[in-house]
Enquirer: 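Handing you this structure, nothing more for now.
Counting starts at 1 for both ligands and their atoms, in listed order. Remember, it's a predicted structure, so these values are computed and weren't measured experimentally. The figures that follow rest on heavy atoms only: side chains count, while hydrogens, waters and symmetry mates do not.
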Amino acid sequence: MNRGKQLYEGKAKILYETDDPEVLLQYFKDDATAFNAQKRGTIVDKGVCNNRISAALFTYLEGKGVRTHFVKQVDDRSMLVKRVAIVPLEVTIRNITAGGMSRLLGIEEGIVLTPPVFEWHYKSDALGDPLINDDHILSQGWATAQELARIRSESFKVNDALKAFFNERKIDLVDFKLEFGRFKGTILLADEISPDTMRLWEHGTRTKLDKDRFRRDLGDVEAAYKEVLRRVLGEKSQAVGAAQ
Ligand code: CDP
């Protein structure tokens, strides 16, 4: 599959056309941003880690009955994905308080949430991805009631599956962000699932293994991404070259 015209460059990824009009190539960069791109930097080999972690997690989720845009991993930094129309919403599911929810409600980080908290955010860099509810979405026509129900149930399926997956790897899934797209009348899980988009704490020690190490200048950022990759791949990580 040849890499064609560049369609879009985001903060962490570039999308290219391919020979197949229904398939795009998603390329993962080492660029890192935080606080709505006010903080910028590079995390060496982040693109390699996030591509491989996302590929493994999309494959795992497909096995659990979640429909995703993932087609296949092409090389260290790229994967083929179905060409979807992104729904302009970001879903966050929180299992433990952290980040935005702690700030919003003045709650300390690290409190287990029962039941988990589901949030809609409007996908807008200019507005800082504001927290919204179903009525905002329906009144603006960003998605239909049927699509909201589908995205919500798929998101909880993802939460259950990923919580179990990371639990087996001695990692607590604190929270994560998902994006969905429309493809031939169906809704597919899209974008990426990586330490850029999830908070992951080592079970017991609560050592942060995600982008908070970059956001909060905690150091050992590269090592954290590589550790997540190692645990996600398990025994297959023996085959990991550059990212070891
Ligand atoms: O990151 P921040 O504290 O500002 O926001 P959050 O709402 O607490 O983030 C919840 C989860 O979604 C975290 O795992 C973030 O890494 C992720 N997130 C993301 O991937 N993209 C965004 N635009 C915002 C949050």
Enquirer: Which residue and atom name correspond to the protein heavy atom nearest atom 11 (C) of ligand 1, and how close is it?
Expert: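 I find the closest protein heavy atom is Asp175 OD1, 3.4 Å.
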
Enquirer: N/O of His121 under 3.5 Å from N/O of ligand 1, yes or no?
Expert: no

Enquirer: List the closest protein heavy-atom neighbour of atom 22 (C) of ligand 1: residue, atom name, distance to the nearest 0.1 Å.
Expert: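 Closest protein heavy atom to atom 22 (C) of ligand 1: Glu90 OE1, 3.6 Å.
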
Enquirer: Can you tell me which portion of Val174 lies within the under-4.0 Å heavy-atom range of ligand 1? Options are side chain, backbone, both, or neither.
Expert: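 Under 4.0 Å from ligand 1, Val174 contributes no heavy atoms.
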
Enquirer: Against heavy atoms of Asp196, which atoms of ligand 1 measure under 4.0 Å?
Expert: 16 (O), 20 (O)

Enquirer: Under a 4.0 angstrom heavy-atom cut-off, which atoms of ligand 1 come close to Asp129?
Expert: 23 (N)

Enquirer: Mind checking whether Arg94 has a heavy atom under 4.0 Å from ligand 1?
Expert: yes

Enquirer: Under a 3.5 Å distance rule, please check whether Arg231 uses its side chain to pair with a backbone N or O of Lys170 as donor and acceptor.
Expert: yes

Enquirer: What verdict does the side-chain contact (heavy atoms from CB on, under 4.5 Å) test give for Val74 and Met79, after you've listed the backbone C-alpha separation in whole Å, the side-chain angles of each residue and the deciding distance to 0.1 Å?
Expert: CA-CA 5 Å; Val74 177; Met79 60 171 62; 5.5 Å; no

Enquirer: Quick test: of every protein heavy atom, which one is nearest to atom 4 (O) of ligand 1, and how far off is it to 0.1 Å?
Expert: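 Answer for atom 4 (O) of ligand 1: Arg103 NH2, 3.0 Å.
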
Enquirer: Is the NZ or CZ atom of Arg199 positioned over Phe176's six-membered ring, under 6.0 angstrom from the centre and within 45° of the axis?
Expert: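 Output no; distance or angle outside limits.
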
Enquirer: For atom 19 (C) of ligand 1, what's the nearest protein heavy-atom neighbour? Residue, atom name and distance, please.
Expert: Lys177 CE, 3.4 Å

Enquirer: If you measure from the Lys or Arg side-chain nitrogens to the Asp or Glu carboxylate oxygens, is any gap between Asp212 and Arg215 under 4.0 Å?
Expert: yes

Enquirer: Can Lys5 be said to sit on top of Tyr16's aromatic six-ring, NZ or CZ under 6.0 Å from centre and within 45° of the ring axis?
Expert: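 No - Lys5 does not lie over the ring of Tyr16 by the 6.0 Å and 45° rule.
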
Enquirer: Return the orientation label for the Phe58 and Phe70 ring planes: parallel under 30°, perpendicular over 60°, tilted otherwise.
Expert: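 Parallel: the ring planes of Phe58 and Phe70 meet at under 30°.
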
Enquirer: Looking at Lys64 and Glu62, is any side-chain nitrogen of the basic one under 4.0 Å from a carboxylate oxygen of the acidic one?
Expert: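 No.
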
Enquirer: List ligand 1 atoms under 4.0 Å from Gly99, heavy atoms only on the residue side.
Expert: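 Matching atoms, with element in brackets: 3 (O), 8 (O).
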
Enquirer: What protein heavy atom is closest to atom 5 (O) of ligand 1, reported as residue, atom name and distance in Å?
Expert: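 Result for atom 5 (O) of ligand 1: Gly100 N, 4.0 Å.
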
Enquirer: Would you say Arg199 has any N or O atom under 3.5 Å from an N or O of ligand 1, going by distance alone?
Expert: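 Yes, Arg199 has an N/O under 3.5 Å of an N/O on ligand 1.
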
Enquirer: Out of the candidates Lys13, Arg77, Lys46, only one should pair with Asp30 under the salt bridge (charged side-chain N to carboxylate O under 4.0 Å, His left out) rule; please name it.
Expert: Arg77

Enquirer: Identify, by atom number and element, the atoms of ligand 1 in contact range of Thr92, meaning under 4.0 Å from any of its heavy atoms.
Expert: 10 (C)

Enquirer: Any N or O of Glu119 that comes nearer than 3.5 Å to an N or O of ligand 1?
Expert: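 It does not: no N or O of Glu119 is found under 3.5 Å from an N or O of ligand 1.
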
Enquirer: Just to check, does Arg215 reach to within less than 4.0 Å of ligand 1 when the distance is taken from its heavy atoms?
Expert: yes

Enquirer: Hey, do the aromatic rings of Phe118 and Trp120 have their centres closer than 6.0 Å?
Expert: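 Close enough - the centres of the two rings lie under 6.0 Å apart.
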
Enquirer: Validate the cation-pi geometry between Arg216 and Phe214: distance from NZ or CZ to the six-membered ring centre under 6.0 Å, angle to the ring axis within 45°.
Expert: no

